[in-house]
Amino acid sequence: MAIAPRTPLIAGNWKMNLDHLQAVAFVQKLHWTLKDAKHEDGSVEVAVFPPFTDLRTVQTLLDADKIPFALGAQDLSAHDSGAYTGEVSGAFLAKLDNRYVIIGHSERRQYHAESDEVVAAKVKAALRHGLIPVICVGETSEDLEKFGASAVPVAQLTAALAGVKADAEIVVAYEPVWAIGSGQAATPQQAQDVCATLRGVIAEKLGADAAAKTRVLYGGSVKAANIASFMREPDVDGALVGGASLVVDEFAAIIRYQKHVGV
Ligand code: 13P
């Protein structure tokens, strides 16, 4: 399915939750819920990011039942193949019809010591295999206090875009670390300010055309009750949702933000 430029993207990062059987039940239920609400009209792109072990099963279900959700992985290797025990190649993800891959999530930066260099190498690996990298950037609360909200995300995105060509399709997600899983979302204005600044980085590195086309998402304690306030902001093109993407009715309500609050 061709996606119009800047179509809002609501993406569910399941993190290490839901095994492949639970994933099937979840995707079916979400599909039925949205279908009942007549909300599979393409006005919002829905993407799910299950654990690696679920991907084949979910791909088969999406394909067999013609469910219009995009599939994405939560990480990939910077390498294409070879002696890298435990790693997953972008080539394998592309074979499973993944459209997206999350790169540089703060949990990987924090728990797996992923540096800006590793993130940049993974972005290139994703693009080599025709995957759209969802590049995550965000500051901790210490960074926020010391440098303000934009400095760290700008530095992280600048590093991640090194060597990326102007016509590459990417997605950027601003995920303040202090807002992830905390119940304390950024304010819509904070999200807008950083997302606009990140769009400026894209303009500088990849050109005005890329900046105009690229979707910049907000992530961090997004729920049905606050999604509309983010989506009203001109530089927020969607959301990367963690906890709330694991609850069918809540995630469906987030996807239906236009309907239930009239944005
Ligand atoms: P929460 O929505 O649970 O805060 O998680 C956000 C996130 O990390 C998505 O990648």
Side-chain angles (χ1 to χ4, degrees), residues 8-18 22-23 26 30 44-52 54-55 58 69-76 93 98-112 114 119 122-123 126 131-141 143-144 149 152-153 156-157 160 170-188 190-192 194-195 198 215-231 233 236-257:
L9 172 60
I10 302 292
N13 173 11
W14 294 354
K15 309 192 180 184
M16 199 172 72
N17 295 291
L18 305 186
Q22 294 168 319
F26 184 96
L30 182 66
V44 173
E45 187 187 7
V46 178
V48 290
F49 292 76
F52 284 129
D54 301 7
L55 289 172
V58 175
F69 302 163
L71 187 60
Q74 297 176 16
D75 185 32
L76 87 172
L93 298 177
N98 280 277
R99 179 170 162 79
Y100 295 104
V101 58
I102 293 174
I103 297 178
H105 192 281
S106 61
E107 288 149 20
R108 301 229 36 109
R109 293 180 192 260
Q110 186 183 346
Y111 304 133
H112 300 271
E114 287 196 7
V119 170
K122 289 185 171 188
V123 169
L131 299 162
I132 301 171
V134 178
I135 304 168
C136 297
V137 298
E139 81 289 355
T140 63
S141 49
D143 295 333
L144 183 66
V152 168
Q156 288 175 336
L157 184 58
I170 60 165
V171 171
V172 173
Y174 168 51
E175 296 212 303
V177 180
W178 48 270
I180 295 176
S182 66
Q184 162 93 59
T187 66
Q190 280 173 317
Q192 163 60 23
V194 179
C195 289
L198 293 173
R215 287 171 297 178
V216 182
L217 315 181
Y218 168 74
S221 296
V222 169
K223 37 188 192 269
N226 63 20
I227 180 69
S229 63
F230 290 111
M231 296 306 290
E233 298 296 339
V236 178
D237 303 313
L240 186 53
V241 186
S245 77
L246 296 168
V247 183
V248 171
D249 289 341
E250 183 74 10
F251 194 45
I254 292 171
I255 293 162
R256 300 183 64 230
Y257 69 92

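Order of listing sets the numbers, starting from 1, for every ligand and every atom in it.
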Asks: Do the side chain of Gln74 and the main chain of Phe49 share a donor and acceptor less than 3.5 angstrom apart?
Replies: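 A pair under 3.5 Å: yes.
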Asks: Does one side chain, of His105 or Glu175, offer a donor that lies under 3.5 Å from an acceptor on the other?
Replies: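 Yes, side-chain donor-acceptor contact under 3.5 Å.
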Asks: What atoms of ligand 1 come closer than 4.0 angstrom to any heavy atom of Leu240?
Replies: 9 (C), 10 (O)
Asks: Any idea which part of Ala179 is under 4.0 Å from ligand 1, heavy-atom wise: side chain, backbone, both or neither?
Replies: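 Near ligand 1, Ala179 shows its backbone, while the atoms from C-beta on stay back.
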Asks: Return yes if some donor-acceptor pair links the side-chain N/O of Tyr218 with the main-chain N/O of Ala186 below 3.5 Å, else return no.
Replies: yes
Asks: Can you find an N/O atom of Glu175 closer than 3.5 Å to an N/O atom of ligand 1?
Replies: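 It does: an N or O of Glu175 is found under 3.5 Å from an N or O of ligand 1.
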Asks: Strictly under 4.0 Å, does any heavy atom of Lys15 approach an atom of ligand 1?
Replies: yes
Asks: Is the contact between Asn13 and ligand 1 made by the side chain, the backbone, both, or neither, using heavy atoms and a 4.0 Å cut-off?
Replies: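 For Asn13, only side-chain atoms sit under 4.0 Å from ligand 1.
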Asks: Is any side-chain heavy atom of Leu55 closer than 4.5 Å to one of Pro50?
Replies: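 With C-beta onward as the side chain, the pair touches.
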Asks: Taking the side chain as C-beta and beyond, is there a heavy-atom pair between Tyr257 and Pro8 under 4.5 Å?
Replies: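 Sidechains of Pro8 and Tyr257: in contact.
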Asks: Do any nitrogen or oxygen atoms of Gly220 lie less than 3.5 angstrom from nitrogen or oxygen atoms of ligand 1?
Replies: no
Asks: Under 4.0 Å between a side-chain nitrogen and a carboxylate oxygen: does that hold for Arg99 and Glu45?
Replies: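 Glu45 and Arg99: salt-bridged.
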Asks: I want to know if ligand 1 touches Gly181 in the polar sense, i.e. an N/O pair below 3.5 angstrom.
Replies: yes
Asks: Look at the side chain of Asp237 and the backbone N and O of Val216, then say whether any donor-acceptor pair between them is shorter than 3.5 Å.
Replies: yes
Asks: Below the 3.5 angstrom mark, is there an N/O of Gly243, backbone or side chain, next to an N/O of ligand 1?
Replies: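 Yes, Gly243 has an N/O under 3.5 Å of an N/O on ligand 1.
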Asks: Without swapping roles, check the side chain of Arg109 against the backbone of Gly104 for a donor-acceptor pair under 3.5 Å.
Replies: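 Present.
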Asks: If we only consider heavy atoms of Ser221, is any one of them less than 4.0 Å away from an atom in ligand 1?
Replies: yes
Asks: Counting each atom of ligand 1 from 1 as listed, which ones have a heavy atom of Ile180 under 4.0 Å away?
Replies: 4 (O), 5 (O), 6 (C), 8 (O)
Asks: To the nearest 0.1 Å, how far is atom 2 (O) of ligand 1 from its closest protein heavy atom, and which atom is that?
Replies: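 The closest one turns out to be Gly242 N, 2.9 Å.
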